[in-house]
Amino acid sequence: MIILAFLLIIIASVPIEGKCSRLPSGKCWVNCMEDIFDVICNSVSAAMVHSDISVFADTSQELRLYIWSSPNITRLSADIFHLVASQILTIDLQDLTALDTFPEVYGLVNLRRLSVWNSPKLVALSLELLPRSLYRIALNKIGLSYFINNFANIVAMPNLQQFVLRNLTIKGWQNDFLKVFPRLTLLEISNSTIDVEDGDLSQEADLRRFQNETKVETISTLKFFNNGFTKATKDASIKFSHALLASITLQSGENGDVDISMNNMSISSDMIRGGLMATAVRINMRGNSVEGATGMFEGFTQLTELDMSRTKLLAMRGMFSGLPALHSLKLHHNNLQNLSQIDIFEGSQSFNLTYLDLSYNDIHILPALNSLVRIASQVTYLNLQGNRLQLFLSNTSWQFENQHAGIAAFSRLETLILSHNRFSVFHGFHLAPLTRLKVLDISCNPLEVLRKEAFTDLPPSLVDVDVSMCIRPPKLPPRFEKDAFTTMPPIRILRMRASAYKKSIFSALRFSRETTQSLEELYMDDNDMTALLNNSLPRLPNLRILGLSRNKLQSVQAGLFAGLPNLLRLNLKANRIGSIGANEFTNSHRHLQQLEELDISDNGLYQIHRGAFDGLPKLRSLMLGWNPTEIQGIFESGGRRLEYLGIQGYNHSCLKPEFFEQLPRLRWILPDIYNLVLANPDDRLNRRDEHLISLLQVCEVGPDVPDHETYPGLKQYVGVTIHDTDEGDGVQYPLITAFLPLNYCPVDNYVQQLSDFICTGASTMDRT
């Protein structure tokens, strides 16, 4: 059955009327919802590409061309593109595994971006085949190992500003290779293997010559991260990496970013104080080994963010002196356990250090008189997760005065993370001086008993408290006294995840009248609950969000949520609910009448009663993915406000026109992990959609930076229309557009799967 989209008015200059769907080969799809058309070709030959893009010949229509999952393409010669040579702005090649010759794109005079991903037979970079208009090149998982050019002193690529190399093996680098890009501002070498033999870098003089000949002074963003070194050539490869980095002088300014993280190489003070980093605004050297940190950052007057996590850093006196502009310092997973004896901030000139991460440093005691106290009054975010703190003892302890003074020094603190430490007792009065504290995380500590003293005298400014226990059966949860939560201040968010509390914890949730009224979010996920009765949940009149995911609930009793009249979001994901009957969400019980978001995905649901969700008049988002149930008929008279529908893993009958007619506001459908489908487009798509963004998953392998944003919040996606316009019968069904991630994680035949997912036999566009 053919579903026909509403009549789309295409730009007058484009003589392609009445169609917005597949191109002649049937393997390429076009999205004509924007000024620039996206053309996505899947499992095609070079001849098919030529035939399909020729549809736009003799027009002025600008194009972005994506050729994906096409293992039969070995070359892309100039004749393929010549009919639309001035119209193509972007070429993105993914999974062309047989491609063995660099594409001939020199005739594409307006080409701005070229990306090639997963072409292992492509072993040569032929710069002479590239147009001078090119702004960005991104090469990912190709066979290229030697970076050379044949242009001598000729300026070959005058407009190229971004050069990106990912997942490659680098064996050779011509000294003046980057001189071909005189306006280069971003250089990225990441997730690659450096395998450079000693050769020309064996002597100190050779290194200096390499640095001088390689010297680049235009770069403002350097990304050299997560690289590895071949064991046989490790010393020479590290020497090459140091020399390459030393040859770069970073441009000063607000965009001065240096990321040399996760390379597992030694970084010395001389390397840091050189031209590369002295003018940087942000430096990330996480995952390396730092040698001699004292005085390393002298003169770094513009540095605002510094990440030295996982650098085997030892506390040294005055190691962070100076740095007047610093406002974020990350030092997690180091060896700073002796902070109480060594003042790492001696001589500090910082007046803006608001973010401090000291997690996982084996810290036993907070220093009371020096070091942290010197900068404590500036800090608004303090992360002490994963240390060995045994704070919060009673006021009779001999350590009380010191620990109390150390905590009180952070007078402006708003967020305090104390999870995964070693205190078995917690007394809230220790935090009473922190009158601005909003977020407190004491999760994953070996608390033995929850008593009301734990929350007594906590600052009334608190908004968000996390007391999750991070334990799983058969390990037993801590005991809790029936009045444990009666002293909790009037917070808005309470997190008690992964605590093995079962349903009994609800009997202890006896709050003061103020807290009962203020609580808006309650997270009880991962608590081994097997059943909840109608009287299990306390009355919380202003609760907006309830998380019950990853428990073992087998059913939802009618009236269970009657004490939550203003609930907006309910998460029941990954339980064991087998069926949704006619009574769980009906109007007769007058509950959940404000509910907007419901997630019951991954439950093993095998049956949903017809009209089961009709009793939720304000439902905007319904997640039903990874359940083996049929979804057609889940609404009979309801669903009029539904905008988001998740049906990942759905493999029943395709969605028919009647399905969309029942849901007039439906906009987004999530048919699998990475793809989504748009129905009923309207002007709301021009606004940022936080809920949609929260539902999306981004592919982990090789994400690129897009040159456009299809809709606000969808930067990593590109769209294709999978329904053509109507053919004159006057019937206007919803326009259906698929959004696909901008990298190669979907299955090879995802375009066909998406077209089968909606009942369609969409015809192809004719040549003009």
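- For the residue pair Thr530 and Lys502, no side-chain donor N or O sits within less than 3.5 Å of a side-chain acceptor on the partner.
- Closest of all the heavy-atom pairs between Ile634 and Asp614 is O-OD1, 4.3 Å.
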Legend entry - Full working for side-chain contact (heavy atoms from CB on, under 4.5 Å) between Leu624 and Phe613: CA-CA 12 Å; Leu624 295 171; Phe613 302 109; 4.2 Å; yes
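- The disulfide bond (SG atoms under 2.5 Å apart) analysis of residues 440-476, with sequence neighbours excluded, yields the pairs Cys444-Cys470.
- Ring geometry, His591 versus Phe561: the interplanar angle falls from 30° to 60°, so the pair is classed tilted.
- Checked against ring-ring contact (aromatic ring centres under 6.0 Å, His included), Tyr606 has no partners two or more places apart in sequence or in another chain.
- A donor atom on one side chain and an acceptor atom on the other are found under 3.5 Å apart for His332 and Ser309.
- Listed for the Asp599 side chain is a donor-acceptor partner under 3.5 Å among the backbone atoms of Ser601.
- Atom CZ of Arg640 has more than 12 heavy atoms from other residues, nucleotides or ligands within 6.0 Å.
- Heavy-atom minimum distance, Gln517 versus Pro541: NE2-CG, 3.7 Å.
- Partner Phe455 forms a ring pair (Phe, Tyr, Trp, His ring centres under 6.0 Å) with one of Phe426, Phe485, Phe480 and no other, that one being Phe485.
- Surrounding CG of Asn542 are more than 12 heavy atoms belonging to other residues, nucleotides or ligands, all under 6.0 Å away.
- Using modelled atom types and a 3.5 Å distance limit, the side chains of Asn445 and Asn421 yield no donor-acceptor pair.
- There is a side-chain donor-acceptor pair under 3.5 Å between Asn226 and Asn191.
- The salt bridge (charged side-chain N to carboxylate O under 4.0 Å, His left out) test with Asp525 is passed by exactly one of Arg497, Arg495, Lys573: Arg497.
- Ring pair His427/His430 is perpendicular by interplanar angle, where above 60° counts as perpendicular and below 30° as parallel.
- Contact of the Tyr650 side chain with the Ile669 side chain is not registered, since no non-hydrogen atoms from C-beta on lie closer than 4.5 Å.
- Residues Leu358 and Leu336 come closest through the heavy atom pair CD2-CD1, 4.1 Å.
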